[in-house]
Engineer: 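Got a structure for you, written out below as structure tokens; questions coming shortly.
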Protein chains: 2
Amino acid sequence: MPSTSVRRSAGQISGEDIVVEAAWLYYHDGLNQNEIANRLDVSRATVVNYLQEARERGFINITLASEPFTNHRLAGELCARFDLRAAYVLPDGGGSEREQFERVARGAANWLPSLLEAQDRLGVAWGKTIHDMAEHIEPVSIADLEVIQLVGSMATPYGFSAEICSANVARKLGANCVNLHAPAVLSTSEIAATLRKEAIIAAQLEAIEHCNKALFAVGSCNHDSHIVTSGLASHDDLDWYVAQGAAGVVCGRFIDTHGDPVRGPLDERMIGIDQTALRGKTMGVLVSVGRDKANAMLAALRGGYATHLVTSQSSARRLLDTRP
Amino acid sequence: MPSTSVRRSAGQISGEDIVVEAAWLYYHDGLNQNEIANRLDVSRATVVNYLQEARERGFINITLASEPFTNHRLAGELCARFDLRAAYVLPDGGGSEREQFERVARGAANWLPSLLEAQDRLGVAWGKTIHDMAEHIEPVSIADLEVIQLVGSMATPYGFSAEICSANVARKLGANCVNLHAPAVLSTSEIAATLRKEAIIAAQLEAIEHCNKALFAVGSCNHDSHIVTSGLASHDDLDWYVAQGAAGVVCGRFIDTHGDPVRGPLDERMIGIDQTALRGKTMGVLVSVGRDKANAMLAALRGGYATHLVTSQSSARRLLDTRP
DNA sequence: ATTAGGTTCTGACATTTGTCAAAACGGTGG
DNA sequence: CCACCGTTTTGACAAATGTCAGAACCTAAT
């Protein structure tokens with residue numbers, strides 16, 4: 001009676017097959033590792049290995065439903081106060097601001113796919129928030145999705161510049177990516193104007209105008225915030241805009257505490273979506289968290305740039321504690 | 001120093017919030033129950049309860065990726081042999097036929113959502129297989145999906161009659177449901193013809209013609225198979241069709257070993273999709289398993305009714321072991 | 001044959017998770 | 001104020017899962 005070996009390399013069963021079988025028995029049929037070990041006639045330790053392999057290979061998807069987060073009490077209040085269609089509030093979990101940032105990025109990554117549908121054209125801004133979010137998106141494929149870079153590229157080589165953000169989001173969502181092949185800011189408004197008329201750039205700006213959804217973060221108006229460190233604005237630029245009442249930055253554009261555009265010399269030299277166009281999208285997803293972002297978030301929310309918000313509990317409380 | 005209570009009903013945190021928080025920390029942040037217990041300042045046993053509640057409430061979704069099943073060696077061979085676009089082969093797991101049936105139903109439930117896209121019109125047949133499958137679909141919402149009942153309702157009250165199958169599939173997928181408000185089989189062809197001309201029925205038959213995808217099982221030609229027990233065909237009907245070469249049943253219609261229609265007196269009296277229309281769909285998902293279904297499956301596959309197949313390893317082997 | 005080098009598997013132990021009866025709690029009505 | 005009742009939490013124990021060093025196994029080269 002020659003017993004057929006179950007060793008992975010032997011037998012008629014191909015290598016990964018037994019791994020899948022173990023995963024199925026465990027996650028779908030609800031057997032425990034002992035029962036699986038008996039059925040497959042291997043040791044329980046081996047079953048542990050199979051299951052680990054299955055997880056590593058991404059055979060198992062564990063996702064958290066979005067409802068409990070959006071239904072969160074704070075989410076409801078945020079929607080009411082800032083006229084949002086939905087908000088996604090992540091628990092603080094008692095961790096540091098660093099951890100909270102991470103969690104919000106993951107939360108946004110978790111939520112985003114369910115906000116998109118086939119044929120959407122999603123504009124993507126830039127920044128550490130957007131970049132980290134993109135990292136955490138579980139790859140899915142959304143039919144005929146187009147991802148469009150909303151802001152020109154950064155002069156300084158930067159880990160989370162606009163083209164990298166949009167490319168990563170597109171990659172994770174299996175989408176086509178329209179990059180904006182121009183610097184975010186040019187030395188003179190004339191050069192910017194010329195560039196805007198270039199056929200290639202014009203087509204890309206056209207794509208920006210016609211995207212229906214937007215994903216963006218906000219920047220604060222400090223001298224150490226990304227708007228300066230990325231080389232988009234000089235310290236003088238920043239001072240000038242702050243003097244005019246700037247309270248925050250969306251897609252590289254300055255806005256005041258009411259969210260209204262603060263226009264100035266830099267604007268003419270920039271290539272990318274402007275405040276008016278951003279406000280016109282049918283969906284605007286704002287991802288932001290942190291004490292330092294509070295004012296800028298408030299400005300962006302008041303300005304009506306966002307229809308959807310992802311943030312943390314403590315940030316949500318800060319927003320709600322401010323007088324309207 | 002009044003310590004704020006974390007008891008669920010107290011504090012500013014709403015009841016389900018702490019459950020969600022625990023779930024997040026566990027499934028997303030990968031903390032273990034002890035760490036979570038410390039953070040939330042409750043006992044570990046409580047964390048266990050929270051996590052259980054989160055699972056019960058469906059906050060956590062665990063699904064298996066479809067690739068390992070569709071990439072399976074047997075799946076590839078099935079595609080090649082029967083000209084399928086994809087096959088989903090479930091492990092046998094050493095269990096009984098009963099367990100295999102169950103597993104195939106769950107596998108189909110797992111796979112189906114990823115086969116559908118927005119605006120699809122999915123025709124759904126009937127039978128125990130389809131019914132059990134529907135039970136196991138994890139509720140999702142597919143935009144503008146329409147589910148259409150392919151076969152009329154059963155005269156005998158039946159747990160898995162056509163209208164129940166389509167309604168359940170529709171419910172789970174958040175789809176609109178077009179039911180066929182007519183019996184599957186009538187006493188005379190004249191009555192059937194009259195009924196087909198009724199405006200309501202005609203519109204429903206129209207919907208059947210225009211659906212682009214179909215989900216169906218096969219029936220075998222035994223006297224104890226559902227085609228007889230459900231009251232669709234009498235024993236005499238069955239004998240007659242078998243004598244004409246019938247080897248299986250799809251959507252209540254008889255086919256021979258090549259999958260070609262076997263037409264007879266019963267056909268004129270039936271209301272529902274016919275063999276030609278079924279063959280014309282852009283996608284046909286056949287879900288079937290079991291030794292007794294082998295011949296019928298073979299017939300359906302040869303007849304080109306299916307573009308996608310869900311079955312078990314052992315059933316797959318049986319199919320492949322048969323001479324083409 | 002035998003040996004070397006890699007991979008896969010296993011047994012013994014460590015850690016994590018689940019269970020359950022009893023205790024603590026919060027509201028309610030005497 | 002207290003006794004009651006249903007719910008939530010907890011501690012102690014039981015079960016399940018994870019870890020890791022070494023055994024078993026395969027392959028290919030000597």
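Order of the sequence lines sets the chain letters (A, B, ...), proteins ahead of strands, with each chain counted from 1. Model, not experiment: these values are computed from the prediction.
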Engineer: Choose from C:dT19, C:dT10, D:dT17 the nucleotide whose nearest atom is closest to any side-chain atom of A:Asn49.
Structural biologist: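 Nearest listed nucleotide: C:dT10.
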Engineer: Would you indicate which nucleotide in D:dC20, C:dT19, D:dG18 comes nearest to any side-chain atom of A:Ala45?
Structural biologist: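 Within the option list, the nearest is D:dC20.
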Engineer: Write down the distance between CG (A:Asn34) and P (C:dG11), rounded to a whole number of angstrom.
Structural biologist: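 Value for this atom pair: 12 Å.
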Engineer: Using a cut-off of strictly less than 4.0 Å, decide whether A:Gln33 has a side-chain nitrogen or oxygen near OP1 or OP2 of D:dG18.
Structural biologist: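 The answer is yes; a side-chain N or O of A:Gln33 sits under 4.0 Å from OP1 or OP2.
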Engineer: Determine whether B:Glu77 and B:Arg81 satisfy the following criterion, salt bridge (Lys or Arg N to Asp or Glu O under 4.0 Å), listing intermediate values before the conclusion.
Structural biologist: CA-CA 6 Å; B:Glu77 291 180 24; B:Arg81 170 80 76 89; over 6 Å; no
Engineer: Are there more than 12 heavy atoms of other residues, nucleotides or ligands under 6.0 Å from atom CZ of A:Arg171?
Structural biologist: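 Check passes, neighbour count above 12.
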Engineer: In whole Å, what is the span from the CG atom of A:Asp41 to the C1' atom of C:dT8?
Structural biologist: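 Distance check: A:Asp41 CG to C:dT8 C1' gives 15 Å.
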Engineer: What is the distance, to the nearest angstrom, from the CD1 atom on B:Ile18 to the P atom on D:dT9?
Structural biologist: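 About 7 Å, once rounded to whole Å.
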Engineer: Would you mind reading off the distance between A:Arg44 atom CZ and D:dG18 atom P, rounded to a whole angstrom?
Structural biologist: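 It is 8 Å, rounded to the nearest whole Å.
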Engineer: Side chains of B:Arg55 and B:Tyr27: any donor to acceptor distance under 3.5 Å?
Structural biologist: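 Distance-only check passes for B:Tyr27 and B:Arg55.
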Engineer: Without decimals, in angstroms, what is the distance between A:Tyr26 OH and C:dT17 P?
Structural biologist: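 Rounded to whole Å, this separation is 10 Å.
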Engineer: Can a side chain N or O of A:Ser43 be found less than 4.0 Å away from OP1 or OP2 on C:dT10?
Structural biologist: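 Yes, within the criterion.
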Engineer: Any sub-3.5 Å donor-acceptor pair from A:Ser312's side-chain atoms to A:Gln100's backbone N or O?
Structural biologist: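 Not confirmed, A:Ser312 side chain does not pair with A:Gln100 backbone.
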Engineer: Among the candidates C:dT10, D:dA12, D:dT9, find the nucleotide nearest to the side-chain atoms of A:Val42.
Structural biologist: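 Of the options given, the side chain of A:Val42 lies nearest C:dT10.
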Engineer: When you check the phosphate oxygens OP1 and OP2 of D:dT9, does a side-chain N or O of B:Tyr50 lie under 4.0 Å from one of them?
Structural biologist: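 So the side chain of B:Tyr50 is within the cut-off, an N or O lying under 4.0 Å from OP1 or OP2 of D:dT9.
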Engineer: According to a strict under-4.0 Å criterion, is A:Arg55 in side-chain N/O contact with OP1 or OP2 of D:dG18?
Structural biologist: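 Yes.
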Engineer: To the nearest Å, give me how far apart CD (B:Glu35) and P (C:dT17) are.
Structural biologist: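 In whole Å, C:dT17 P lies 9 Å from B:Glu35 CD.
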Engineer: B:Arg39 and A:Glu99: salt bridge (Lys or Arg N to Asp or Glu O under 4.0 Å), yes or no, with the steps?
Structural biologist: CA-CA 13 Å; B:Arg39 282 221 197 180; A:Glu99 283 178 288; 3.0 Å; yes
Engineer: Choose from C:dT19, C:dT17, C:dC9 the nucleotide whose nearest atom is closest to any side-chain atom of A:Thr46.
Structural biologist: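 Of all the options, the side chain of A:Thr46 is nearest to C:dC9.
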Engineer: Let me know the distance between CG of B:Leu51 and P of C:dT16, rounded to the nearest Å.
Structural biologist: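 B:Leu51 atom CG is separated from C:dT16 atom P by 15 Å.
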Engineer: CD of A:Gln52 versus C1' of C:dC9: gap in Å, rounded?
Structural biologist: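 Between C1' of C:dC9 and CD of A:Gln52: 14 Å.
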